[in-house]
Number of protein chains: 2
Amino acid sequence: MTSKNQSRERILQTATRLFHMNGYHATGLNQIIKESGAPKGSLYYHFPDGKEQLASEAIERFGAMVAANILEDTQNEVDPLKAFQAHILKIANKFAVVENIPLCADSLPIGLMAAETALVNERLRLKCEAVFERFEEIYIEKLVASDYSKEQARLISSTLNALIEGAVTLSLTKKSNQPLQDIVKMLPLLLQK
Amino acid sequence: MTSKNQSRERILQTATRLFHMNGYHATGLNQIIKESGAPKGSLYYHFPDGKEQLASEAIERFGAMVAANILEDTQNEVDPLKAFQAHILKIANKFAVVENIPLCADSLPIGLMAAETALVNERLRLKCEAVFERFEEIYIEKLVASDYSKEQARLISSTLNALIEGAVTLSLTKKSNQPLQDIVKMLPLLLQK
DNA sequence: GTCTATACAAGGATAGAC
DNA sequence: GTCTATCCTTGTATAGAC
């Protein structure tokens with residue numbers, strides 16, 4: 001019972017990290033098995049649908065992790081502007097890259113897997129879509145609680161989602177968290193009522 | 001001479017499209033050869049460094065195409081706000097998706113290949129970085145010409161880059177150009193002096 | 001410049017013993 | 001639940017004839 005969950009858990013954990021670091025197509029099942037240290041034979045036992053199922057659950061888990069982070073950061077500050085800025089700065093700080101490996105995997109974009117799968121795998125596309133929508137919901141809730149109108153809140157949240165996703169990609173590409181710092185500075189303009 | 005360039009050209013064209021639609025790792029050399037209709041034996045003749053070289057040139061070409069579009073759109077309008085809005089709307093309109101295939105390949109993000117390669121292939125990462133920087137330069141130039149300060153222009157341009165990249169990814173994932181439309185509406189706030 | 005054939009590795013997936 | 005062995009496909013890349 002516990003051992004079942006242990007090796008399933010190890011596989012899923014490693015898969016989540018690798019998929020989001022390197023992407024869906026660049027990550028092999030053999031690599032996941034090797035790095036997780038889990039018994040090789042058990043992969044298809046725990047994940048009968050193979051790679052697709054593994055990726056699907058990885059996206060779900062990754063999304064939940066990030067959503068929890070967002071939620072925490074937004075609840076620590078009453079002011080939505082300060083809350084969002086704190087959240088982005090947290091990402092920027094985690095973002096330091098050491099020898100090509102980002103210090104923390106949750107500073108990576110969901111957009112990599114989203115863009116990889118959007119046109120070719122409906123199941124995974126839907127998972128990514130759900131994740132993005134969850135983020136948006138949290139932003140909206142925070143804004144509405146501070147008396148932004150429903151439509152204004154939706155618009156800001158959609159933009160914020162795009163902004164963070166894009167800035168993470170840029171930071172990754174430039175090997176610098178400058179783009180993330182830049183959007184923090186611009187955020188006050190976006191949140192005007 | 002012309003025939004040399006013809007088949008080289010066909011390969012590069014197809015590679016550019018496939019790499020940016022499906023990503024670096026999901027695109028096979030066999031697929032490129034098949035779809036381009038180019039003679040199979042000629043790939044390694046024209047691109048001795050194989051897939052990496054092909055991708056490198058594809059990124060360059062794709063970046064140049066998009067940069068030309070941005071330049072055109074920004075020159076058709078004196079007001080930077082209107083110019084940028086027109087540019088994004090153009091992307092949004094091209095974006096219609098028919099049976100999972102986007103109507104126009106240049107509505108796709110560079111970010112896919114950027115995020116795929118940033119951590120694992122320095123040569124391609126640098127190409128992507130150069131492309132993003134070229135975009136930023138164009139934005140900055142337009143803003144400075146309208147009396148924005150240097151630093152303000154840089155900040156807005158960096159943000160705009162992230163915004164568009166993120167919105168395209170979101171639109172792709174949601175199969176809707178709503179995110180792109182959203183950022184058009186928010187743009188006036190960003191361009192305040 | 002182009003073509004065919006082929007080498008060689010890695011990918012995902014399955015079968016069957018334990 | 002786990003392990004090993006194996007299958008099939010696909011991937012990149014090369015050699016050598018034309």
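Within every chain, numbering begins at 1; the chains are lettered A, B, ... in the order of the sequence lines, protein sequences first and strands thereafter. All values reported here derive from a predicted model rather than from experimental measurement.
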Proximal nucleotide (of [options]) relative to the [X] side chain:
| X | options | answer |
| --- | --- | --- |
| B:Lys51 | D:dG1, D:dG11, C:dT2 | D:dG11 |
| A:Tyr44 | C:dT2, D:dG11, C:dG12 | C:dG12 |
| B:Ser42 | D:dG1, C:dG11, C:dT2 | C:dT2 |

In Å, rounded to the nearest 0.5 Å, how long is the span from CG of B:Asn69 to CD1 of B:Ile91?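 Here the interatomic distance stands at 8.0 Å.
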
Quick one: on DNA chain D, does A:Gly41 or B:Lys40 contact a more 5' nucleotide (nearest heavy atom)?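 Result: A:Gly41.
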
Check the distance between [N]'s [atom2] and [X]'s [atom1] and give it to me in whole angstrom.
| X | N | atom1 | atom2 | answer |
| --- | --- | --- | --- | --- |
| A:Phe47 | C:dT14 | CZ | P | 16 Å |
| A:His46 | D:dT2 | NE2 | C1' | 9 Å |
| A:Ile32 | C:dG12 | CD1 | C1' | 11 Å |
| B:Tyr45 | D:dA17 | OH | P | 18 Å |
| B:Glu52 | D:dG11 | CD | C1' | 16 Å |
| A:Asp49 | C:dA13 | CG | C1' | 12 Å |
| A:Ile33 | C:dA13 | CD1 | P | 12 Å |

Counting only non-hydrogen atoms, which of residues 22-30 of chain B are less than 4.0 Å from DNA chain D? B:Thr27, B:Gly28, B:Leu29, B:Asn30

Once side chain to side chain donor-acceptor pair (under 3.5 Å) is applied, what residue pairs with a partner in residues 53-63 of chain A remain, sequence neighbours excluded? A:Arg8-A:Glu57, A:Glu9-A:Arg61, A:Gln53-A:Glu57, A:Glu60-A:Lys127

Can you give each donor-acceptor pair under 3.5 Å made by side-chain atoms of residues 76-88 of chain A, sequence neighbours left out, with the distance rounded to 0.1 Å?
| unit_1 | atom_1 | unit_2 | atom_2 | d |
| --- | --- | --- | --- | --- |
| A:Asp79 | OD2 | A:Lys82 | N | 3.4 |
| A:Gln85 | NE2 | A:Val184 | O | 3.0 |
| A:His87 | ND1 | A:Asp73 | OD2 | 2.9 |

Applying salt bridge (Lys or Arg N to Asp or Glu O under 4.0 Å) as the test, list every pair that has at least one member in residues 181-193 of chain B; sequence neighbours left out. A:Arg154-B:Asp182

Please set out all donor-acceptor pairs under 3.5 angstrom arising from side-chain atoms of residues 134-141 of chain A, sequence neighbours excluded.
| unit_1 | atom_1 | unit_2 | atom_2 | d |
| --- | --- | --- | --- | --- |
| A:Arg134 | NH1 | A:Glu137 | OE1 | 3.2 |
| A:Glu136 | OE1 | B:Lys174 | NZ | 3.0 |

Any B:Leu112 side-chain heavy atom under 4.5 Å of B:His20 side chain: no

Identify every side-chain donor-acceptor pair in residues 22-32 of chain A under 3.5 Å, counting partners at least two apart or on other chains, and give the distances.
| unit_1 | atom_1 | unit_2 | atom_2 | d |
| --- | --- | --- | --- | --- |
| A:His25 | ND1 | A:Glu116 | OE2 | 3.2 |
| A:Thr27 | OG1 | A:Leu18 | O | 3.3 |
| A:Thr27 | OG1 | A:Gly23 | O | 2.7 |
| A:Asn30 | OD1 | A:Lys40 | NZ | 3.4 |

Under 4.0 Å from OP1 or OP2 of D:dT2: is there any side-chain N or O of A:Ser7 that close?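 Answer is yes, contact under 4.0 Å.
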
